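All values reported here derive from a predicted model rather than from experimental measurement. Letters go in sequence order (proteins before strands), and every chain restarts at 1.
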Amino acid sequence: MNLQETLSNQVKQAVLSTFNIQLESVEFQATRKEFAGDITVVIFPMLRFVKGNPVQIGETIGNYLVENVDEVKAYNVVKGFLNVEIKDTYYFDFFNSIKDEETYGFVSPKADEKAIMVEYSSPNTNKPLHLGHVRNNLLGYSVAEILKASGKKVYKTQIINDRGIHICKSMLAWKRFGNNETPESTGLKGDKLVGNYYVKFDQEYKKEIEALIASGKTEDEAKKNAPLLLEAQSMLQKWESGDEDVVSLWKMMNGWVYEGFNETYKNLGVDFDTLYYESDTYLLGKEFVAEGLKSGVFEKEADGSVWCDLTEDGLDRKIVQRSDGTAVYITQDIGTAIQRIKDFPDVGGMVYTVGNEQDYHFQVLFLILKKLGFEWAKNLYHLSYGMVDLPSGKMKSREGTVVDADDLIDEMASTAAEISEELGKLDGYTKEEKEALYKTIGLGALKYYILKVDPKKRILFDPKESIDFQGNTGPFIQYTYARIQAILRKADFDYSVNLSSVDKSLHEKEKELLKQLELFPEVIQNAAMQHSPALVANYTYDLVKEFNSFYQNVSILGADNENEKIFRVQLSKKVAQTIKNAFHVLGIQVPERM
RNA sequence: GGGCUCUUAGCUCAGCUGGAUAGAGCACCUCCCUUCUAAGGAGGCGGUCUCAGGUUCGAAUCCUGAAGGGCUCACCA
């Protein structure tokens, strides 16, 4: 039983014995810094049941707690708030119980619990990854790690959108204007090369449209009948019918893209346990469309198209198969979901990391899967996140207004390098060690910048204003970690003993740190429940701020006596470890020096 | 037009299931490196929590409405 539960029971007992009233629950909050006390009981909600003056009620309960609860040292009442002071003994006991637990805050997966599959990234293979994908990747990866840390078994996956008209556009432009360029011949990353031809297609397509309009066609006609578009469409048909040339071109160019993506993923530090390709799954859903027709979940129109009527659920009618029998986007989503459960029978739910422009889509998808009768459909979650916008508005790859993922990662590292060199604290580091450190810091800044924001809020990113390295940032937290490591390197004495309140009293700053450490397991559980890395980021910031204040206000290695010194080193070490654990689930590394 | 969503300091964001005088960072202004790393610390300036009603002992938080922004409502993905 933790402290709050103990107090809750005792407060109920106090109210029962003095007022003869059974409270259902007791409300707590952290005591504000300006008042004495460690935890506060809010009296107001009790007034509904206990008639009387809140201050008097507070006094009564406070008295009871001091007399009956070992951990309670004293109390004071301010208005309707009962501030309770807790004895140092409690905090020493708590600290000793977690001191040597390396994975403090994390829960190991239970054998009998169902796994969760987390989908993220899921790019199209016609262009390189940009800042929007970066947010997606960081979020998905982090939520997967948070779920793991909270005690779930997790599979990371993605659905790679490797087919469709957009891919054919890149293919066609390459075939037409590419002069057999390859990543090798140009030195370009494969995804960049293919992306260039996607842009090239658009440019040439626009020229054709203009020419057609000049020759008297309407804009609409021109757009639909431009020869390039028609050829791209026929290429798609050839692909679907298995045309050898088209398929081998498709394989070659997608291969280039995958190589490029893998490099970006590696740089970003994200990974996947299993992959799904749209080209494998796009036909899958049709099987279940047929089944849904049989069971009456879907209905067929006269023209052969298949629909799902969701009007009774407050949504619209949704097409699930075209009149020509081909699959639409949602058809393959249905198939993919079912396939995943077949492949991984221990999976009991899925998380889809996809932008909020698809909120409606997922509402429909989940509802359809429920209607099809899948038990696991109730455990599907759309991790919906806001777009990353530029000051100029939306990023558009065809118009070249995107912030490229690789470029951004490089820029972050070089900014880190500039700052580091200016500060000049890295004597003795080899060039390789420095490079690795710059990457750690640069990526730390980028990842923290994105993850500290509530996923569902949109982010405005101004490329002209670089991401901060000071204040509430990744490097600030990394810096604190590095500082603690410096202390631990210098602490060449045995600090393994367990201390207690007879050995020393707690400094105010020490106690604040202990209280903050105490919150960590709860933060992980909360973040998992809410699918929000931002909660972990903000917690870590608070912890670090508290530590820095401690660090500048008391001497650690120069403490007055041996016990102070031992305890402060232990405490510092625990804070560092907690920073490391918290950053681990955010996918951010911590440096030994910086 | 229907649905969803957002609006907190000059800027970027916290604010847990309603609770004490709404908190941080950046920017601006003061201080603090002979002491464990100043990417730091201590303090100051800065708010009609978009607006109007309502519920409540108590509302940034819940409800209704309005304004402004975003997304969405394809036989696109």
Query raised in the report: Listed by chain and number, what are the side-chain hydrogen bond (donor to acceptor under 3.5 Å, both in side chains) partners of D468(A), not counting sequence neighbours?
Result: none

Report summary line: With the side chain defined as heavy atoms from C-beta on, D316(A) is closest, among C71(B), C73(B), A77(B), to C73(B)

**Report entry** Whole angstrom value for the distance that separates C1' of C13(B) from OH of Y385(A)
**Finding:** 20 Å

Report task. With heavy atoms under 4.0 Å as the rule, sort E278(A) into base, sugar-phosphate or nothing. Result -> sugar-phosphate

Query raised in the report: Which residue pairs pass the side chain to side chain donor-acceptor pair (under 3.5 Å) test when at least one of the two sits in residues 529-538 of chain A, sequence neighbours left out?
Result: N526(A)-Q530(A)

Query raised in the report: Considering heavy-atom distances to RNA chain B, does R317(A) or V328(A) have its closest nucleotide positioned more toward the 5' end?
Result: R317(A)

Report task. Mind jotting down which residue pairs meet the side chain to side chain donor-acceptor pair (under 3.5 Å) criterion with at least one end in residues 33-57 of chain A? Sequence neighbours excluded, please. Result -> T31(A)-T40(A), R32(A)-E34(A), D38(A)-K511(A), D38(A)-K515(A), T40(A)-N83(A)

Query raised in the report: With F547(A), which residues qualify under ring pair (Phe, Tyr, Trp, His ring centres under 6.0 Å), at least two apart?
Result: F550(A)

Query raised in the report: What ring pair (Phe, Tyr, Trp, His ring centres under 6.0 Å) pairs are there with at least one residue in residues 476-495 of chain A, not counting sequence neighbours?
Result: F476(A)-Y541(A), F493(A)-Y495(A)

Using the 3.5 Å cut-off, write out each protein N or O paired with an N or O of nucleotides 3-8 of chain B and the distance between them.
| residue | atom | partner | partner atom | Å |
| --- | --- | --- | --- | --- |
| U7(B) | OP1 | K457(A) | NZ | 3.4 |

Report task. Under the side chain to side chain contact (heavy atoms under 4.5 Å, CB included) rule, what do I450(A) and F461(A) come out as? Steps first, then yes or no, please. Result -> CA-CA 10 Å; I450(A) 288 174; F461(A) 180 83; over 6 Å; no

Query raised in the report: Can you give one letter per nucleotide of nucleotides 16-28 of chain B, going 5' to 3': B for a protein heavy atom under 4.0 Å from the base, S for sugar-phosphate only, - for none?
Result: ---BBS-SSSS--

Requested in this report: Report the base-pairing partner of C71(B) (Watson-Crick or G-U wobble, both distances below 3.5 angstrom), or none.
Outcome: G3(B)

**Report entry** Ion pair check, E421(A) and K434(A), cut-off under 4.0 Å
**Finding:** no

Query raised in the report: Heavy atoms under 4.0 Å, any strand shown: does L47(A) hit a base, just sugar-phosphate, or nothing?
Result: nothing

Query - U50(B) versus C45(B) - spacing of their P atoms, nearest Å - result: 23 Å

Scan nucleotides 36-38 of chain B against the protein and return all N/O pairs shorter than 3.5 Å with their distances rounded to 0.1 Å.
| residue | atom | partner | partner atom | Å |
| --- | --- | --- | --- | --- |
| C36(B) | O3' | K490(A) | NZ | 2.9 |
| C36(B) | O2 | I556(A) | N | 3.4 |
| C36(B) | O2 | L557(A) | N | 2.9 |
| C36(B) | N3 | I556(A) | N | 3.0 |
| C36(B) | N4 | Y551(A) | O | 2.3 |
| C36(B) | N4 | V554(A) | O | 2.6 |
| U37(B) | OP2 | K490(A) | NZ | 3.1 |
| U37(B) | O2' | Y479(A) | OH | 2.3 |
| U37(B) | O2' | R483(A) | NE | 3.0 |
| U37(B) | O2 | K425(A) | NZ | 2.7 |
| U37(B) | O2 | M594(A) | O | 3.4 |
| U37(B) | N3 | M594(A) | O | 2.8 |
| U37(B) | O4 | M594(A) | N | 3.1 |
| A38(B) | OP2 | R483(A) | NH2 | 2.9 |

Requested in this report: Rounded to the nearest angstrom, tell me the gap between atom CD in Q332(A) and atom P in A77(B).
Outcome: 8 Å

Report task. Remember a base hit wins even if backbone is also touched, and classify D389(A) as base, sugar-phosphate or nothing at under 4.0 Å, heavy atoms. Result -> nothing

Report task. State the pairing partner of C62(B); accept Watson-Crick or G-U wobble contacts with both distances under 3.5 Å, and report none otherwise. Result -> G54(B)

Query raised in the report: salt bridge (Lys or Arg N to Asp or Glu O under 4.0 Å) with K456(A): which residues, sequence neighbours excluded?
Result: D454(A)

Query - Euclidean distance for P, G19(B) against C76(B) (whole angstrom) - result: 49 Å

Query raised in the report: Expressed in angstrom and rounded to an integer, what is the separation of Y449(A) atom OH from A14(B) atom P?
Result: 12 Å

Query raised in the report: Looking at residues at least two apart in the chain, or sitting in another chain, which of them share a ring pair (Phe, Tyr, Trp, His ring centres under 6.0 Å) with Y277(A)?
Result: Y258(A)

Hey, can you pull the donor-acceptor pairs under 3.5 Å for the side chains in residues 380-387 of chain A, sequence neighbours left out?
| residue | atom | partner | partner atom | Å |
| --- | --- | --- | --- | --- |
| H382(A) | NE2 | V354(A) | O | 2.8 |
| S384(A) | OG | D359(A) | OD1 | 2.8 |
| Y385(A) | OH | N136(A) | ND2 | 3.0 |

Report task. Based on the glycosidic angle (syn within 90° of 0, else anti), state the conformation of C33(B). Result -> syn

Query raised in the report: Would you call E219(A) and K223(A) a salt bridge, taking side-chain N to carboxylate O under 4.0 Å as the test?
Result: yes

Query raised in the report: NA contact type, S420(A), heavy-atom cut-off 4.0 Å: base, sugar-phosphate, or nothing?
Result: base

Report summary line: Here the salt bridge (Lys or Arg N to Asp or Glu O under 4.0 Å) pairs for residues 305-317 of chain A, sequence neighbours left out, are E299(A)-R317(A), E301(A)-R317(A), D313(A)-K371(A)

Requested in this report: Write down the distance separating the C1' atoms in G44(B) and C26(B), rounded off to the nearest Å.
Outcome: 16 Å

Query raised in the report: Just checking Y329(A): base, sugar-phosphate only, or nothing, at a heavy-atom cut-off of under 4.0 Å?
Result: base

Query raised in the report: Contact class for S549(A) (heavy atom, under 4.0 Å): base, sugar-phosphate, or nothing?
Result: sugar-phosphate

Query raised in the report: At under 4.0 Å between heavy atoms, what does I165(A) touch on the DNA or RNA strands: base, sugar-phosphate, or nothing?
Result: nothing

Report task. Using atom CD of Q233(A) as one end and atom P of A77(B) as the other, report the distance to the nearest whole Å. Result -> 12 Å

